[in-house]
Amino acid sequence: MQEILDFLFYDVWLVAEGPFDIEKLNGNKDLKDIYEELGNIDYDPTSTKKNQKGKSAYFFNSSIENIYNEFAKINDDNFKLELIDFYSINNDIESLCSNKLKTPITYPELKARNPDLEGALYNFYSKLYGNESPFNLDIFGKLNEVLILSHYNSFMMANDSGICPFCGIYPIDGNYVSTREAYDHYLPKAIYPFNSINFKNLSPMCYKCNSGNKSTNDPINHIKGRKLAFYPYANNHSEIEFQFELLSKNVKSITPSEYTLSISAPAKNEEIETWKRIFKTDRKYKADGSIEYYSRYDELICNKHKAKEWFEDIFDYYENAKSISDIEDADKYYEKVVKATTRNPKLVENTIKRKFLEECKMKGLFNINP
C-alpha cells in the first residue's frame with residue numbers, strides 16, 4: 001500500500017501536467033490494472049443505494065484524479081520541492097519523535113498555502129484507514145481483515161507480556177483470542193497528511209490509552225510548541241525510573257495526597273514529560289494548586305486498592321509472628337515478594353508494587369515486636 005501511495009505522490013501527482021488519464025499510471029502496472037478494474041465496478045455516486053465496494057472503488061479512483069488536478073494547478077516549483085521534503089518527513093515517524101529540526105507539515109499549514117490541495121489530500125488520506133478504506137478491498141489485500149491482523153500478530157509476538165506497552169498496567173488482547181486492540185495513529189491523521197497507513201505510525205494500545213487518554217493528542221505538539229517523544233517502534237528503550245514516597249502511614253485506605261510517585265528517564269526528560277502528558281501517567285495540577293486530573297497510577301494504587309492488598313499480604317506474616325524465627329520467615333517472604341516483582345519489567349504495576357513495599361519497609365510499617 002505504501003508503495004502505491006509513494007508512486008502516486010512522486011511519479012503521478014508531483015509531475016502532473018495536462019488532463020489526467022490512465023496512461024499517467026504506466027510506471028506502475030499493478031496500480032494501472034487496479035485503477036482499470038476499479039473503474040469497471042458499477043457505482044452511481046448520486047444513488048442512495050448501499051454499495052460499499054463500488055463506493056470504495058469510486059473514492060479511490062476519483063481521489064487520484066482530484067489530487068492530480070490540484071497538483072497540475074501548482075506553478076511554483078519551489079512549493080513542489082517543499083512538498084517532497086514534507087512527504088518524506090511526515091513519514092519518518094522516528095525522526096519526528098527524536099529530532100526537533102525535522103519540521104513536518106500539518107493540514108492547517110498546508111491549507112494556508114493551498115486550500116484546494118489541502119482539501120483534496122485531507123479527503124483522501126483521512127479515509128484510507130478505517131472500515132470504509134478502499135484498501136479493505138480484495139484487490140488491495142484486505143487492509144482490515146488481513147494486513148492489519150498480520151501486523152498485529154507480529155506486534156504481539158514481540159510484545160508478548162499481554163500488557164499495554166504505553167501504560168504498562170492494562171491488558172491487551174494477544175494472539176490467542178479472536179479480538180484485537182484498536183490501532184492508534186501516534187501522530188494524528190487528522191493533523192498530519194501522508195502517513196495515515198504508515199505502519200510506523202500505527203500502534204496497538206489498550207482502550208484506556210487509546211480512547212480514554214491519548215485520543216487525537218499530538219505527541220510532538222508541532223502546532224503548539226515542538227516536543228520530543230518516545231518512538232513506539234524504537235529498538236532500544238530508555239529505562240523509566242519510579243520513586244515512591246509515603247507521606248502518611250495510612251496505607252490501608254491511602255489517597256493520592258498521602259504519597260508521591262515520581263517518574264523519570266535519564267537523559268530523556270522531554271520525552272518522559274510528553275509520555276506523561278499524552279497518557280496521563282502523572283497528576284496534573286491547575287494554577288491554583290487544585291487537581292486537574294489524577295494519574296493513571298493513582299487509579300491503580302487507590303481506586304483498585306492495590307496498595308492495601310500489597311501491604312496486607314506482607315503485614316499478615318509479620319502480625320502473626322510469635323518469635324524471632326517467625327519474623328525471619330516474614331523477612332524472607334517479603335524478599336521473595338519483592339524479588340518476584342522484577343520478573344516482568346514491562347509491567348509497571350510490578351515496579352510500583354516494589355517501590356511501595358520498599359518504602360513501607362523503610363518507614364517501619366511492618367515492624368512487630370513479638
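Side chains are part of it too, since the values below use all heavy atoms of this structure and drop only hydrogens, waters and symmetry mates.
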Within the supplied structure, the quantity of interest is the number of heavy atoms (other residues, nucleotides, ligands) at a distance under 6.0 Å from Lys53 NZ; does it exceed 12?
no
Quick check: do Leu31 and Leu8 have side-chain heavy atoms less than 4.5 Å from each other?
yes
Does a side-chain heavy-atom distance below 4.5 Å link Asn136 with Phe140?
no
Residue Asn236 excluded, over 12 heavy atoms near CG under 6.0 Å
no
For Thr342 and Arg354 the tightest heavy-atom approach is CG2-NH1, 3.7 Å
Residue pair Tyr183, Asn210: steps toward the side chain to side chain contact (heavy atoms under 4.5 Å, CB included) verdict:
CA-CA 8 Å; Tyr183 275 73; Asn210 194 338; 5.9 Å; no
Short side-chain to backbone donor-acceptor contact, Ser56 and Gln52, under 3.5 Å:
yes
Using atom types as modelled and distance alone, determine if a side-chain donor or acceptor of Thr274 lies under 3.5 Å from a backbone N or O of Leu228.
yes
Closer than 3.5 angstrom, by distance alone: can the side chain of Tyr297 be matched with the main-chain N or O of Cys167 as a donor-acceptor pair?
yes
Nearest heavy-atom contact between Tyr233 and Leu202 is OH-O, 2.5 Å
Does the pair Phe244 and Tyr259 meet the rule for a ring-ring contact (aromatic ring centres under 6.0 Å, His included), with working shown?
CA-CA 7 Å; Phe244 195 101; Tyr259 64 88; 5.1 Å; yes
Taking all atoms of both residues into account, what is the closest heavy-atom pair of Glu70 and Ala120, and its distance?
CG-CB, 4.0 Å
More than 12 non-hydrogen atoms from neighbouring residues, nucleotides or ligands closer than 6.0 Å to NZ on Lys346, yes or no?
yes
Please tell me if the side chains of Ser95 and Ile89 come closer than 4.5 Å, counting only heavy atoms from C-beta onward.
no
Side-chain (Tyr68) to main-chain (Glu17) donor-acceptor, under 3.5 angstrom:
yes
Contact list for residues 188-211, test ring-ring contact (aromatic ring centres under 6.0 Å, His included), sequence neighbours left out
Phe9-Phe194, Tyr87-Phe194, Tyr125-Phe194, His151-Phe199
Any chance the side chains of Asn78 and Glu82 put a donor and an acceptor closer than 3.5 Å?
no
Do Ile148 and Tyr129 have side-chain heavy atoms sitting under 4.5 Å apart?
yes
Can you see whether Ser325 engages Ser323 through a side-chain donor-acceptor pair at a distance of less than 3.5 angstrom?
no
Residue from Tyr58, Phe20, Phe7 passing ring pair (Phe, Tyr, Trp, His ring centres under 6.0 Å) with Tyr35:
Phe20
For Arg283 and Pro256, indicate whether the former's side chain and the latter's backbone hold a donor-acceptor pair under 3.5 Å.
yes
Lys304, NZ: over 12 other non-hydrogen atoms inside 6.0 angstrom:
no
Answer with yes or no after comparing the ring centroid distance for Phe366 and Phe311 against a 6.0 Å cut-off, counting only values under it.
yes
Tell me, yes or no, whether the heavy-atom count around Lys100 atom NZ, taken from other residues, nucleotides or ligands under 6.0 Å, exceeds 12.
yes
Check whether Asn213 reaches the backbone of Lys208 with its side chain - one donor and one acceptor, N or O, closer than 3.5 Å.
yes
Under the side chain to side chain contact (heavy atoms under 4.5 Å, CB included) test against Ser264, which residue among Glu239, Gln243, Glu241 passes?
Glu241
Under a 4.5 Å cut-off applied to non-hydrogen side-chain atoms, are Met205 and Phe279 in contact?
yes
Check whether NZ of the Lys or CZ of the Arg Lys214 lies under 6.0 Å from the centre of the six-membered ring of Phe166 and within 45 degrees of that ring's axis.
no
Please tell me if the side chains of Asp218 and Leu187 come closer than 4.5 Å, counting only heavy atoms from C-beta onward.
yes
Between Tyr317 and Asp326, is there a side-chain heavy-atom distance shorter than 4.5 Å?
no
Does a donor on one side chain sit under 3.5 Å from an acceptor on the other, for Asn26 and Lys32?
yes
CD/Glu145: more than 12 non-hydrogen atoms of other groups inside 6.0 Å
no
Flag if over 12 foreign heavy atoms under 6.0 Å of CG, Asp21:
yes
Does either side chain, that of Asn40 or that of Glu37, offer a donor lying less than 3.5 Å from an acceptor on the other one?
no
Would you confirm whether Asn123, through its side chain, and Gly119, through its main-chain N or O, come within 3.5 Å as a donor-acceptor pair?
no
Expected output: side-chain Arg277 to main-chain Asp282 donor-acceptor under 3.5 Å
no
Main chain of Asn91, side chain of Asn198: is a donor-acceptor contact present, judged purely on distance under 3.5 Å?
yes
Quick one: does any side-chain atom of Lys252 pair with a main-chain N or O of Lys308 as donor and acceptor, under 3.5 Å?
no
